Novice: 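Can you read through this structure? Questions will come right after.
No hydrogens, no waters, no symmetry mates; every other heavy atom, side chains included, goes into these values. Chain letters run A, B, ... following the sequence lines, proteins first, then strands; residues in each count from 1. Here the structure is a predicted model, which means the values were calculated and not measured.
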2 protein chains.
Amino acid sequence: MTNEQLAQRLRDHDMRPTKQRLAIAAHLFDGTDKHVSAESVYTTLKQAGIHLSIGTVYNSLRHFADAGLLRAVPGLGDHLTYDTNIGAHHHLLDVDTGEIIDIPALSQPVTSADLPQGYELEAVEITYKVKRTS
Amino acid sequence: MTNEQLAQRLRDHDMRPTKQRLAIAAHLFDGTDKHVSAESVYTTLKQAGIHLSIGTVYNSLRHFADAGLLRAVPGLGDHLTYDTNIGAHHHLLDVDTGEIIDIPALSQPVTSADLPQGYELEAVEITYKVKRTS
DNA sequence: GTGTTTGCAAAGTGTTTGCAATTTA
DNA sequence: TAAATTGCAAACACTTTGCAAACAC
């Protein structure tokens with residue numbers, strides 16, 4: 001995705017395409033799905049020679065999520081995780097390693113037989129986020 | 001549940017039945033399923049005239065959950081929620097009010113039609129907690 | 001120019017930890 | 001009396017906020 005495409009994507013969501021946001025967006029939307037935290041984005045960019053203040057990273061990710069460009073996924077670790085895959089899918093969390101694996105949204109509940117080989121099911125957390133119909 | 005029954009329940013899980021833990025347990029296991037936080041337990045007991053240090057409440061709830069007497073459920077608010085219902089069930093979270101409603105574990109994925117009347121589905125979070133088979 | 005965003009540091013929230021005093025077995 | 005637990009305050013990790021300077025439209 002070109003810089004101009006990223007900028008347009010931000011404008012489409014009523015966000016000004018600042019240098020900082022473009023740097024974050026370039027990392028997030030590089031074509032591969034990612035699970036990130038503010039800290040991981042900050043570190044990744046720093047290693048690429050791009051310095052942003054950590055506060056800006058926190059604020060930007062929150063805005064991206066509010067704008068619908070990211071999906072916030074709590075409960076995958078000690079921090080708020082953002083998922084660049086905003087389509088319908090769910091998460092496998094390795095409770096020992098913290099590793100997160102995407103799985104497609106199935107029409108049947110997952111059983112141990114549906115897991116990637118070498119994994120066993122420990123627990124399932126399902127939260128349906130609802131609103132009162134107005 | 002009598003005090004002695006509560007004490008036995010704690011002993012069965014290798015926890016010494018201290019006055020503080022018994023007070024917490026009496027509140028938690030009063031026959032109705034509950035979603036609590038350290039703060040809510042602390043406040044409830046205080047209002048009942050029972051003072052415990054907030055640190056003790058945090059530690060006790062953590063121990064209860066480690067022992068399998070409670071289920072820790074992240075992502076239901078800004079804090080860690082503990083559920084006294086440790087059976088298979090899932091949660092409806094009203095994103096506007098923060099209200100949490102238990103729903104049974106179904107053999108089919110939930111659709112809007114399965115929700116209590118007056119609610120619409122906003123999003124679904126499913127996390128399968130897995131372990132590597134050893 | 002006007003309103004938005006940034007950087008930085010400070011404040012805030014929820015939770016854990018260290019340690020002496022107390023309690024349980 | 002040995003080991004576990006408490007209370008309290010301090011420490012902690014993560015995240016948000018306040019405000020002046022910089023930037024986008």
Side-chain angles (χ1 to χ4, degrees), chain A residues 3-4 6-27 35-46 49-67 69-70 72-82 98, chain B residues 3-4 6-27 35-46 49-67 69-82 98 100:
Chain A
N3 227 37
E4 187 44 49
L6 287 172
Q8 193 53 52
R9 193 159 175 181
L10 290 177
R11 280 191 211 96
D12 289 345
H13 290 83
D14 294 319
M15 294 176 72
R16 292 188 176 175
T18 65
K19 205 182 333 173
Q20 291 83 350
R21 287 173 177 176
L22 286 171
I24 294 173
H27 165 52
H35 304 108
V36 303
S37 64
E39 206 64 44
S40 81
V41 169
Y42 177 76
T43 305
T44 303
L45 293 183
K46 179 142 78 176
I50 303 168
H51 174 78
L52 281 66
S53 110
I54 183 70
T56 296
V57 177
Y58 271 101
N59 290 340
S60 297
L61 291 180
R62 183 154 29 87
H63 291 145
F64 279 41
D66 288 347
L69 289 164
L70 286 177
V73 187
L76 294 185
D78 295 333
H79 46 260
L80 182 52
T81 301
Y82 291 97
Chain B
N3 226 37
E4 186 45 49
L6 287 172
Q8 193 53 51
R9 193 159 174 182
L10 290 177
R11 281 191 212 96
D12 289 345
H13 289 83
D14 294 318
M15 293 175 73
R16 293 188 176 177
T18 66
K19 206 182 332 178
Q20 292 82 351
R21 286 172 178 176
L22 286 172
I24 294 173
H27 165 53
H35 303 108
V36 303
S37 64
E39 206 63 44
S40 82
V41 169
Y42 176 76
T43 303
T44 302
L45 293 184
K46 179 143 74 177
I50 303 168
H51 174 78
L52 281 66
S53 110
I54 182 71
T56 296
V57 177
Y58 271 103
N59 290 339
S60 297
L61 291 180
R62 183 154 29 86
H63 291 145
F64 278 41
D66 288 347
L69 289 165
L70 286 177
R71 172 173 154 198
V73 187
L76 294 185
D78 295 333
H79 47 258
L80 183 52
T81 301
Y82 291 97
I100 303 164

Novice: Report the distance from atom CG of Leu70(A) to atom NE2 of His63(A), rounding to the nearest 0.5 Å.
Specialist: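 Answer rounded to 0.5 Å: 12.5 Å.
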Novice: Answer yes or no: does a side-chain N or O of Tyr58(B) lie under 4.0 Å from OP1 or OP2 of dT16(C)?
Specialist: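 Looking at the OP1 and OP2 atoms of dT16(C), neither is under 4.0 Å from any side-chain N or O of Tyr58(B).
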Novice: Using whole Å, what does the distance between atom P of nucleotide dT5(C) and atom CZ of Phe64(A) come to?
Specialist: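 So the CZ-P distance, Phe64(A) to dT5(C), works out to 11 Å.
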Novice: Using whole Å, what does the distance between atom P of nucleotide dT24(C) and atom CG of Asn3(B) come to?
Specialist: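 Atom CG in Asn3(B) sits about 12 Å away from atom P in dT24(C).
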Novice: Tell me what Ile54(B) touches on the nucleic acid: a base, only sugar-phosphate, or nothing, going by heavy atoms under 4.0 Å.
Specialist: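 Since no nucleic acid heavy atom lies under 4.0 Å of Ile54(B), the category is nothing.
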Novice: It should be established whether Gln20(A) places a side-chain nitrogen or oxygen under 4.0 Å from OP1 or OP2 of nucleotide dG7(C).
Specialist: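 Yes, within the criterion.
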Novice: Return the pairing partner of dC25(D) with a 3.5 Å limit on both distances, Watson-Crick or G-U wobble; otherwise return none.
Specialist: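 Across all strands, the one nucleotide that pairs with dC25(D) is dG1(C).
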Novice: More 5' along DNA chain C: Asp14(A) or Gly55(A), using each one's nearest nucleotide?
Specialist: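 The answer here is Asp14(A).
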Novice: Provide, to the nearest angstrom, the distance between the NE2 atom belonging to His79(A) and the P atom belonging to dT15(C).
Specialist: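 Nearest whole value for this atom pair: 16 Å.
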Novice: Distance check, rounded to the nearest 0.5 Å: Gln20(A) atom CD versus Ser53(A) atom OG?
Specialist: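 The distance works out to 8.5 Å.
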Novice: To the nearest angstrom, how far is His63(A) atom NE2 from dT15(D) atom P?
Specialist: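 For the pair His63(A) NE2 and dT15(D) P, the rounded distance is 15 Å.
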Novice: Name the nucleic acid region contacted by His51(A), choosing base, sugar-phosphate or nothing; use a 4.0 angstrom heavy-atom cut-off, strictly under.
Specialist: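 Since only primed, P, OP1 and OP2 atoms lie under 4.0 Å of His51(A), the category is sugar-phosphate.
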Novice: dT23(C), OP1 or OP2 - any side-chain N/O from Arg16(B) closer than 4.0 Å?
Specialist: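 For dT23(C), OP1/OP2 do not have a side-chain N/O of Arg16(B) under 4.0 Å.
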Novice: How would you label the contact of Asn59(A) with the nucleic acid (heavy atoms, under 4.0 Å): base, sugar-phosphate, or nothing?
Specialist: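 Base, at least one base atom sits under 4.0 Å.
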Novice: Please give, in whole Å, the distance from dT15(C) C1' to Tyr42(B) OH?
Specialist: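 Taking atom C1' of dT15(C) as the reference, OH of Tyr42(B) is at 15 Å.
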Novice: Take the protein atom CD1 of Ile24(A) and the nucleotide atom P of dT6(C), then report the distance between them rounded to whole Å.
Specialist: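 Whole-Å distance recorded here is 8 Å.
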Novice: Can you tell me how far apart CZ (Arg21(A)) and CG (Leu61(A)) are? Round to the nearest 0.5 Å.
Specialist: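 With rounding to 0.5 Å, CZ (Arg21(A)) is 11.0 Å from CG (Leu61(A)).
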Novice: Please list, chain by chain and in numerical order, all residues satisfying salt bridge (Lys or Arg N to Asp or Glu O under 4.0 Å) with Arg11(B), sequence neighbours excluded.
Specialist: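 Expected list: Glu4(B).
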Novice: Does OP1 or OP2 of dT24(C) have a side-chain N or O of Arg21(B) closer than 4.0 Å?
Specialist: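 Checking dT24(C) against Arg21(B), no side-chain N or O comes under 4.0 Å of OP1 or OP2.
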Novice: At under 4.0 Å, does any side-chain N or O of Thr18(A) touch on OP1 or OP2 of dT6(C)?
Specialist: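 For dT6(C), OP1/OP2 do have a side-chain N/O of Thr18(A) under 4.0 Å.
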Novice: In this structure, how many angstroms lie between the P atom of dG14(C) and the OH atom of Tyr82(B), rounded?
Specialist: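 Answer to the nearest Å: 14 Å.
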Novice: Could you measure the distance from the CG atom of Asn3(A) to the NZ atom of Lys19(A)? Nearest 0.5 Å is fine.
Specialist: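 The distance works out to 12.0 Å.
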Novice: Nearest to the side chain of Leu80(A), heavy atoms from C-beta on, is which of dT15(D), dC14(D), dT6(D)?
Specialist: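 Among dT15(D), dC14(D), dT6(D), the one nearest the side chain of Leu80(A) is dT15(D).
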Novice: When you get a sec, tell me which of dC8(C), dC14(D), dT16(C) is the closest nucleotide to the side chain of Ser53(A)?
Specialist: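 Of all the options, the side chain of Ser53(A) is nearest to dC8(C).
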Novice: Measure NE2/His13(A) against P/dA24(D) and give the value in whole Å, please.
Specialist: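 Rounded to the whole Å, the gap is 21 Å.
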Novice: Taking for each residue the nucleotide of DNA chain D with the nearest heavy atom, is it Leu52(B) or Met15(A) whose nucleotide lies nearer the 5' end?
Specialist: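 The residue whose closest nucleotide sits nearer the 5' end is Leu52(B).
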Novice: When all nucleic acid strands are considered with a 4.0 Å heavy-atom cut-off, which category describes Thr56(A): base, sugar-phosphate, or nothing?
Specialist: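 Result for Thr56(A) = base.
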Novice: Within the supplied structure, the quantity of interest is the number of heavy atoms (other residues, nucleotides, ligands) at a distance under 6.0 Å from Asp78(A) CG; does it exceed 12?
Specialist: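 No, because the 6.0 Å sphere around CG of Asp78(A) holds 12 heavy atoms or fewer from other groups.
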